[in-house]
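Quick note: numbers below take in every heavy atom, side chains included, and nothing from hydrogens, waters or symmetry partners. Predicted, not measured: the structure shown is a model, and the values here were computed from it. By convention here, the first residue in the shown sequence is residue 1.
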Amino acid sequence: MLLQGKTVVVSGVGAGLGHRIAETVVRDGGNAVLGARTGANLAKSAAEIDPEGRRTAHRATDITDEAQCEALAALAVERFGAIDAVVHVAAWDSYFGGIEDADFATWQGVLDVNLLGTLRMTRACLPALKERGGSVVLIGTQSAVAAPSQVRQAAYAASKGALTSAMYSMARELGPHRIRVNTVLPGWMWGPPVQAYVQFTAHTEEVPEAEVLGRLTERMALPELATDGDVAEAAAFLASDRARAITGQSLLVNAGELMR
């Protein structure tokens with residue numbers, strides 16, 4: 001199996017992408033250590049993924065708090081003896097707007113979560129990762145390289161763009177320890193957030209949901225949106241030894257909407 005015997009820390013586990021990634025880790029033979037701010041969500045995900053509780057562990061974790069990041073990393077080592085990969089899903093993606101209407105105090109909060117929070121969680125995992133090498137997988141966004149026309153998420157895009165830039169430095173710094181650092185860039189990804197967007201837009205415009213979805217899919221080279229499961233598969237690959245020679249790279253998972 002792709003992740004047989006590996007222990008993977010997954011931040012930001014909720015109903016969508018984080019859950020899918022943790023589910024994929026366990027399916028592919030690994031142990032998943034789940035973190036998110038809401039303990040009830042973690043317990044629900046863990047119970048669905050691993051009913052017997054043998055291959056999962058979880059702890060409520062706010063990645064803006066360094067001590068909580070360290071506690072999640074410690075849990076992985078205590079329970080499974082190692083950390084082989086960390087996949088960063090935790091993000092603040094619900095603030096919308098552009099530069100003209102920007103509340104820069106909120107921008108600072110977005111940056112603290114999406115950029116600095118991810119770096120905090122990475123640093124907390126480094127002592128264990130250095131033991132035998134491993135992988136850091138960042139979840140970015142296509143919006144960081146090509147702004148969407150449908151919504152404005154300037155703060156989110158900027159924070160994820162900064163994270164991609166940080167990836168290059170981390171890949172160079174951590175490479176001697178055989179730690180790889182890569183980014184998955186989802187585009188429009190079918191899962192709870194995009195499903196909610198389609199439902200809201202259809203209701204607001206009084207049009208069928210299929211029409212709103214069609215506006216998105218007509219932009220793709222493939223005739224349907226990538227799903228959160230597709231993004232999870234890409235993250236699992238980059239976390240695995242099959243990607244042992246890949247570092248400092250960004251992989252678009254977007255059904256071919258943008259090609260680079």
Side-chain angles (χ1 to χ4, degrees), residues 3 6-28 30-51 53-94 109-131 134-141 159-160 163 166 170 179 181-184 186 191-193 228 231-232 235-236 238-239:
L3 294 168
K6 303 290 188 183
T7 295
V8 182
V9 174
V10 185
S11 74
V13 175
L17 179 57
H19 177 88
R20 293 295 180 203
I21 290 173
E23 181 180 57
T24 302
V25 169
V26 172
R27 181 204 68 192
D28 284 356
N31 307 308
V33 180
L34 288 57
R37 289 182 301 171
T38 306
N41 291 344
L42 292 172
K44 183 174 184 293
S45 281
E48 291 176 2
I49 293 165
D50 178 34
R54 294 179 181 174
R55 307 244 309 277
T56 58
H58 57 87
R59 174 166 288 164
T61 306
D62 182 343
I63 61 171
T64 65
D65 185 310
E66 193 156 0
Q68 293 186 41
C69 293
E70 292 171 352
L72 184 63
L75 174 64
V77 175
E78 290 163 9
R79 178 70 186 278
F80 299 113
I83 298 175
D84 298 288
V86 54
V87 182
H88 296 285
V89 184
W92 183 349
D93 61 359
S94 57
V110 172
L111 287 163
D112 194 29
V113 174
N114 297 352
L115 174 60
L116 299 180
T118 299
L119 298 180
R120 287 186 194 97
M121 192 67 244
T122 299
R123 185 165 67 179
C125 293
L126 284 182
L129 285 170
K130 285 181 177 181
E131 290 292 323
S135 175
V136 176
V137 182
L138 311 174
I139 302 298
T141 175
S159 66
K160 291 293 191 176
L163 188 59
M170 287 193 288
I179 299 171
V181 189
N182 294 288
T183 301
V184 179
D228 50 13
V231 175
L238 290 172

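Listed here is the closest heavy atom pair of Ala22 and Ala32: O-CB, 4.0 Å. The two residues Ala232 and Thr24 have their closest heavy-atom pair at CB-OG1, 3.7 Å. Counting all heavy atoms, side chain and backbone alike, Ser159 lies closest to Val110 at OG-CG1, 3.8 Å. When all heavy atoms are compared, the tightest approach of Asp228 to Leu17 is O-CD1, 3.4 Å. Minimum interatomic distance between Ser45 and His19 (heavy atoms only, all atoms of both residues): OG-ND1, 3.0 Å. Taking both residues in full, the closest heavy atoms of Gly140 and Pro186 are given as O-CD, 3.2 Å, listed atom of the first, atom of the second, then distance.
Partner of Ile139 under the side-chain contact (heavy atoms from CB on, under 4.5 Å) criterion, chosen from Thr118, Val89, Thr183: Val89.
In this structure the side chain of Ile63 reaches within 4.5 angstrom of the side chain of Val113, judged on heavy atoms. No side-chain heavy atom of Asn114 sits under 4.5 Å from any side-chain heavy atom of Leu163. Side-chain contact between Val86 and Ser11 is absent, with no heavy atoms from C-beta onward closer than 4.5 Å. In this structure the side chain of Arg20 never reaches within 4.5 angstrom of the side chain of Val231, judged on heavy atoms. Contact of the Asn41 side chain with the Val13 side chain is not registered, since no non-hydrogen atoms from C-beta on lie closer than 4.5 Å. Within the 4.5 Å cutoff, the side chain of Val137 has no heavy atoms near those of the Asn182 side chain. Looking at heavy atoms from C-beta onward, Glu23 lies out of side-chain contact with Glu48 at the 4.5 angstrom threshold.
Side chain of Lys44 to main chain of Gly14: no donor-acceptor pair is present (N/O by atom type, distance under 3.5 Å, no hydrogens or angles). Between the Asp84 side chain and the Thr7 main chain, a donor and an acceptor come within less than 3.5 Å of each other. Looking only at distances, a side-chain donor or acceptor of Asp50 sits under 3.5 Å from a matching main-chain atom of Arg55. With Thr61 contributing its side chain and Ala36 its backbone, the two residues share no donor-acceptor pair below 3.5 Å.
Residue-environment remark: CZ (Arg37) stays at or below the threshold of 12 foreign heavy atoms within 6.0 Å.
Note that the OG1 atom of Thr122 and the CG atom of Leu129 stand 8.5 Å from one another [nearest 0.5 Å]. Residue Leu116 holds its CG atom at 10.0 Å from OG1 of Thr64, rounded to the nearest 0.5 Å. The distance from the CD1 atom of Ile83 to the NZ atom of Lys6 is 13.5 Å, given to the nearest 0.5 Å. Once rounded to the nearest 0.5 Å, the distance linking CG of Asp65 with CD of Glu70 reads 9.0 Å.
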Listing, residues 75-82 side-chain donor-acceptor contacts under 3.5 Å, not counting sequence neighbours, or none:
from  : atom 1 : to    : atom 2 : distance (Å)
Arg79 : NH1    : Thr56 : O      : 2.8
Arg79 : NH2    : Gly53 : O      : 2.5

- Message: Is there a side chain to side chain contact (heavy atoms under 4.5 Å, CB included) between Ile49 and Val25? Walk through the geometry before answering.
- Response: CA-CA 10 Å; Ile49 293 165; Val25 169; over 6 Å; no
| Which is it for Leu119 and Met170 under the side chain to side chain contact (heavy atoms under 4.5 Å, CB included) test, yes or no, and what are the steps along the way? | CA-CA 10 Å; Leu119 298 180; Met170 287 193 288; 3.8 Å; yes
Run Arg59 and Leu42 through side chain to side chain contact (heavy atoms under 4.5 Å, CB included) and show every step you take.
CA-CA 7 Å; Arg59 174 166 288 164; Leu42 292 172; 5.7 Å; no
Apply side chain to side chain contact (heavy atoms under 4.5 Å, CB included) to the pair Val8 and Val87, showing each step before the final yes or no. CA-CA 7 Å; Val8 182; Val87 182; 3.9 Å; yes
Exercise for review: Would you sort out whether Asp112 and Arg120 count as a salt bridge (charged side-chain N to carboxylate O under 4.0 Å, His left out), showing the intermediate values?
Suggested key: CA-CA 10 Å; Asp112 194 29; Arg120 287 186 194 97; 2.6 Å; yes
